[in-house]
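Let me begin by presenting the structure, written as structure tokens, before commenting on it.
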Amino acid sequence: MIVPLDEAVRELVHDGDTVALEGFTHLIPVAAGHEIIRQGLRDLTLVRMTPDIVYDQLIGAGCAAKLVFSWGGNPGVGSLHRFRDAVTSSWPVPLEIEEHSHAGMANRYVAGASGLPFAVLRGYSGTDLVAHNPNIKSIACPFTGQELAAVPALNPDVTIVHAQRADADGNVQLWGITGIQKEAALAAERVLVTVEEVVDTLDPVPGQVILPGRVVTAVSPVPGGAAPSYAHGYYERDNDAYKAWDAIGRDRAAFTAWLERLTGEASSTSPQPAGRAL
Amino acid sequence: MTTVTWTADEIMTVTAARSLRDRMACFVGIGLPSTAANVARRTHAPGLWMIYESGTLGAVPDHLPLSIGDGILAETADTVVSVPEVFNYWLQPGRIDVGFLGAAQIDRYANINTTVIGDYDAPKVRLPGAGGAPEIAASCREVVVIMRQSTRAFVDRVDFVTSVGHGAGPGDRERLGLTGAGPTRVITDLGVMEPHPETRELVLTGVHPGVDTAAVREATGWDLKVSEDLVRTPEPTTEELAVLRELTGSA
């Protein structure tokens, strides 16, 4: 249950898998993404509502064949240049994209977590997303006849999230901005949770999201594993790192040098200080 | 009498802030919309209920967040909800008064593009994509758009309809089943545009001080009509400018 990160990624993530590393600005599993890059995984279908710089890095490293998403950018800074380069110039490999709105993606996960084949929402009507995505269809309400949008359930092979705490049985506490992490975990075949710390006993705190150990495949202790995003109660978002990524991601040579530094590093199973990992 | 000076961006932001009324529930996009909403909350709309799509409802940040999910939003919010909840329970049923959006391109019917410039399959520029904008534009009671004006951004037809404004004209929103009123104001660094009540086409209804209508028309990629009731934007007050500059760190 408690497994070092490199071992967990080796066991749970395979070439060709559909992988969701979720986190809505908060608790982004950056260290796990870097481990996927180090292990050289290929042909992944990467799923995430808000692919940000760690997805830019995975795409630039050539790990992804497809991206399923609703907003791909460097939040508050600008664009993802490795993502752009892959879409417009197929560098380093072509990247197929499947594009949704946030509401569409959120509901795809909800259907996945609910064991239903599809979700229904009022949205997408009149947008050009419909024509470019066969996974957005129109459906009539069986009661009122109202036209609504339908999107298929999303069930990743593996979902990876970062959280504040877990115990030895894999029960997970996650609080603050909870994003879509719970739904993404419940929709997945396998669930890896990286955590700031593993504790002997979890103090029950009402209102916190708890993923019970029975839905968690493995927990890896990775202090600082969400940096440069943040872990509420542990460390803050390193906004300077997000700004700094713009210059690195913009340039293939600068990115390649960054990638060589990352893959040359030892596996991140040794604790990393908060704010260090870009 | 002291002369107050300001930049084009500053009058745009202040004018956008004035579009928000006290106690409104406002779905806030990051960047210019967030700056303007935070100016409004610190001036004439202290009860503005700001919602960021990360799920923070009623955030009252003491500084501008860089991202929609910064910790300061969660720390200060009335409550923090999951992403499905913010979209399904709050936005979709029409509980939000105003959606405050930016865009890369907008057209004469206020349709918004944040997806690609050029062809979708061979884009000239790949933009971040839809995010929450399609449903914000569909379901908020009204939408205010804030963006800098140029012929590149204000185009006859957007390259990609990410979020529907007024479609191709009258009746389109109703036909598409969109529940909100759509964009009611577009605020730029030059002036203010509003949809014509009958044609739904954006018409210039306001210009900022020192800007003439010819300059606005020149920065617009279609033959922009000018309202007979064109107004001159009131100058930013010293208080508005002080609040804005303190927020953006340009004081």
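Chain A is the first sequence line, chain B the second, and so forth, proteins listed ahead of strands; every chain is numbered from 1.
Contact annotation for B/L178: only side-chain heavy atoms (C-beta onward) come within less than 4.5 Å of a heavy atom of chain A. In this structure, chain B has a heavy atom under 4.5 Å from the side chain of A/M49, while its backbone stays farther away. Looking at A/L80, neither its backbone nor its side chain comes within 4.5 Å of chain B, counting heavy atoms on both sides.
Across A/G73, A/A106, A/G179, the residue that shares the most heavy-atom pairs under 4.5 angstrom with chain B is A/G179. Per-residue counts of heavy-atom pairs under 4.5 Å with chain A were compared for B/G55, B/G129, B/G167, B/G177; the largest is that of B/G129. Considering only heavy-atom pairs separated by less than 4.5 Å from chain B, the leading option among A/G123, A/P51, A/G104, A/G72 is A/G72.
A/L129 and B/F160 make their closest contact through N-CZ, 3.6 Å (heavy atoms, listed as atom of the first residue, atom of the second, distance). When all heavy atoms of B/V80 and A/G176 are compared, the closest pair comes out as CG1-O, 3.4 Å. When all heavy atoms of B/A74 and A/I177 are compared, the pair lying nearest together is CB-CG1, 3.8 Å.
Side-chain contact check for A/P75 versus B/I30: every heavy-atom pair is 4.5 Å or farther apart.
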Which donor-acceptor pairs fall under 3.5 Å between chain B and chain A:
| from | atom 1 | to | atom 2 | distance (Å) |
| --- | --- | --- | --- | --- |
| B/E53 | OE2 | A/H102 | NE2 | 3.2 |
| B/G69 | O | A/Y230 | OH | 2.5 |
| B/G71 | N | A/Y230 | OH | 3.2 |
| B/E75 | OE2 | A/H232 | NE2 | 2.7 |
| B/V83 | N | A/G179 | O | 3.0 |
| B/N88 | OD1 | A/N107 | ND2 | 3.1 |
| B/N88 | ND2 | A/N107 | OD1 | 2.8 |
| B/Q92 | O | A/R122 | NH1 | 3.3 |
| B/Q92 | OE1 | A/R122 | N | 3.0 |
| B/Y120 | OH | A/E99 | OE1 | 2.6 |
| B/R126 | O | A/R84 | NE | 2.7 |
| B/R126 | O | A/R84 | NH2 | 3.4 |
| B/R126 | NH1 | A/E99 | OE1 | 2.9 |
| B/R126 | NH2 | A/E99 | OE1 | 3.3 |
| B/R126 | NH2 | A/E99 | OE2 | 2.5 |
| B/P128 | O | A/G72 | N | 2.8 |
| B/A130 | N | A/S70 | O | 3.3 |
| B/G131 | N | A/S70 | O | 2.7 |
| B/G131 | O | A/H102 | N | 2.7 |
| B/E135 | OE1 | A/S101 | OG | 3.0 |
| B/E135 | OE2 | A/S101 | OG | 3.0 |
| B/V161 | N | A/D128 | OD2 | 2.8 |
| B/V161 | O | A/D128 | N | 2.8 |
| B/L176 | O | A/S125 | OG | 2.7 |

Checklist entry - Hey, mind stepping through B/F87 and A/L121 against side-chain contact (heavy atoms from CB on, under 4.5 Å) and telling me if it holds? => result CA-CA 10 Å; B/F87 283 97; A/L121 65 151; over 6 Å; no

